[in-house]
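To start, the structure itself, in structure tokens.
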Number of protein chains: 2
Amino acid sequence: MDETTIIPANPKGAPLSVDDFRTRLAEISADLPRRLRQCADFVAANTDRIAVSTVAELAVGADVPPSALMRFCQIMGFSGFSEMQRLFREAYSPGWPDYSTRLKNLKEEGAGSPSALLAEFIEAGRLSLEALAKTADEVALGRSVGLLAAAQTIHVIGLRRAFPVATYLAYVFEKMAVPAMLHDGVGKLDHRFAMRPGDALLAITFAPYSEETLALAQDAKSRGLPVVALTDRMTSPLVRLSDAVVTVPEVDFGAFRSLSATIAMAISLAVAVGSARG
Amino acid sequence: MDETTIIPANPKGAPLSVDDFRTRLAEISADLPRRLRQCADFVAANTDRIAVSTVAELAVGADVPPSALMRFCQIMGFSGFSEMQRLFREAYSPGWPDYSTRLKNLKEEGAGSPSALLAEFIEAGRLSLEALAKTADEVALGRSVGLLAAAQTIHVIGLRRAFPVATYLAYVFEKMAVPAMLHDGVGKLDHRFAMRPGDALLAITFAPYSEETLALAQDAKSRGLPVVALTDRMTSPLVRLSDAVVTVPEVDFGAFRSLSATIAMAISLAVAVGSARG
DNA sequence: GCATTTTTAGAATATTTATTCTATTTTTCC
DNA sequence: GGAAAAATAGAATAAATATTCTAAAAATGC
């Protein structure tokens, strides 16, 4: 290498800044044996704790013996933990800007900038979650869980903007070994006849309500299957087709839902159903 | 003194919070002998350094011998320096709740009522959003938007737990008339050849990272297409395949992500790209 | 399936760091 | 100004903490 290189590529030297540290971490963590990988992952997720923790504490957090953490420090290029910690102690500036200050900073990037948008969506999500906490109807939620837990197969439908929620539910059900079927409309195939007596339908739709979802709910109802609705308000056309209705208040920003509250509700429903089933 | 006083009524007990600490400091520092006053002054002006400094370092800063600082700690009501430091270390790292054990407890106690679960998921979502606000990397976000806005077609991939995010992105891109293609793996069809020069890939994956997503990213990279990563940490294997990386801190509750922060980030990215395009 | 190399755990050790103690100095108050 | 009390410095010690080392376990290559 050309020795006139002013800033040394620092191939094996210790990282000199937190940024440097992150880069190095990303570089090496591609192929790492098990314990060292645990260290890397934990450190990546808890970088801020390094400055105020001992080797032993971090080791417990990463679920490795202290000596593994020492080896990790060394392959990161430090002589040991103390040297690594010094980097973070010097860079330590406590009290990240608190949540609201930070949001203001993000917004000040200028209207329409990615950061400003992010701030808006974060705020929308948080408002939605707070509203949900205040308005959640425990009785309706309990009844919904009961209906779904008693079903043989749970059919899930949610299209367009509700589709992400439906796919997440399908994922969670699968992880919990709950028999569930996602009606996704692929190939315009209509799997309504997959719904058998003893099954239940979980239908998700928000204004403007999706025709296909309403149609499937109608079908389930007319065949006497229990229908659980996850929708935006009690005036939703889904309500009169359903045996239990869970509503979720969601703050829209522009044309788009934050989905935070909806997903929190969906996941609670799914996990509750999963544990009710054993 | 009455020898029956077992616990000294704690009228001068240790401060229990940083606020408490400041109050106590203000109270006592009125009349203090010279060295202790130096300690008080220095500590008042450098409260934030307590968490990451040793007695010796602070003593040098306050220009007193270490033993003076020890006396100061005791005057403040602590048993010693370590106890005082603990207050500041704990106050700094608020420590995310350990949701996986909490969920296990909920299940084991059978007390996993749906509304209790909902409360937990709402909390997890809120924490995630706040963490996102605090840690969001505006530069990386800006770069990602730039890359995607310059692309002809945007290819989106995200499977399993990331699939809801991918589908939501596809929805938003469609609404904004941005040419985008969702690689959903339906029918095990691999649409890698749909990626043409001038296109870009937006890849989403969280631990445990999805093989297919990494493979597609690798493919895009080797063909020289820009890759934007939306992932959980800088140690993700996606990082070394990508030209821009956006990380999202998400509180996991048991095996499940709240997704609030991830979706907020995704939607911001999509809307920013949409408006950058016109 | 065996030999070689890498990785690991945990005990042993070295180092740093906190804390206490005592002789000395400074302050207080009569 | 001198006796009593309080405060101080610095050395001595105790405790916590980091670091190294070795035998054992995995992983790798042939």
Using a heavy-atom cut-off of under 4.0 Å over every strand shown, decide if A:Glu83 touches base, sugar-phosphate, or nothing.
-> nothing

Looking only at side-chain N and O atoms, does B:Ser82 come under 4.0 Å of OP1 or OP2 in C:dT17?
-> no

What is the ring orientation for B:Phe88 with B:Phe21, classed by angle as parallel under 30°, tilted 30 to 60°, or perpendicular over 60°?
-> perpendicular

Distance-only polar pair, side chains of A:Arg35 and A:Gln38, donor-acceptor under 3.5 Å | yes

Nucleotide D:dT19, atom P - distance to CE of A:Met84 in whole Å = 10 Å

Hey, is the side chain of A:Ser67 pairing donor to acceptor with the base of C:dA9 inside 3.5 Å?
-> yes

Which part of the nucleic acid, if any, lies within reach of B:Arg34 when heavy atoms closer than 4.0 Å are counted: base, sugar-phosphate only, or nothing?
-> sugar-phosphate

Whole-Å distance between C:dT8 C1' and A:Gln38 CD?
-> 11 Å

Please check if the side chain of B:Ser236 supplies one atom and the backbone of B:Asp232 the other of a donor-acceptor pair under 3.5 Å.
-> no

Counting side-chain heavy atoms from CB outward, which of C:dT7, C:dT19, D:dT19 is closest to A:Met70?
-> D:dT19

Among D:dT17, C:dA18, D:dT19, the one nearest A:Thr54 by side-chain distance = D:dT17

Which nucleotide in the set C:dT8, D:dT20, C:dA18 lies at the smallest distance from any side-chain heavy atom of A:Arg35?
-> C:dT8

Whole Å only: how far is the CZ atom of A:Phe72 from the P atom of D:dT20?
-> 17 Å

Using a strict cut-off of less than 4.0 Å between a Lys/Arg side-chain nitrogen and an Asp/Glu carboxylate oxygen, indicate whether A:Arg102 and B:Glu138 qualify as a salt bridge.
-> yes

What integer distance in Å separates B:Leu58:CG from C:dT16:C1'?
-> 16 Å

Answer yes or no: is there an ion pair linking A:Arg24 with A:Asp20, defined by an N-O contact shorter than 4.0 Å?
-> no

Distance in angstrom units between B:Glu57 CD and C:dA18 C1', rounded | 13 Å

Taking only N and O in the side chain of A:Gln74, is any of them less than 4.0 Å away from OP1 or OP2 of D:dT20?
-> yes

Nucleotide D:dA26, atom P - distance to CZ of A:Arg71 in whole Å | 14 Å

Could you state the atom-to-atom distance from CG of A:Leu69 to P of C:dT7 in whole Å?
-> 16 Å

The nucleotide from D:dA18, C:dT17, C:dT8 with an atom nearest the side chain of A:Leu36 is C:dT8

Can you check the A:Phe78 CZ to D:dA18 P distance for me, whole Å?
-> 15 Å

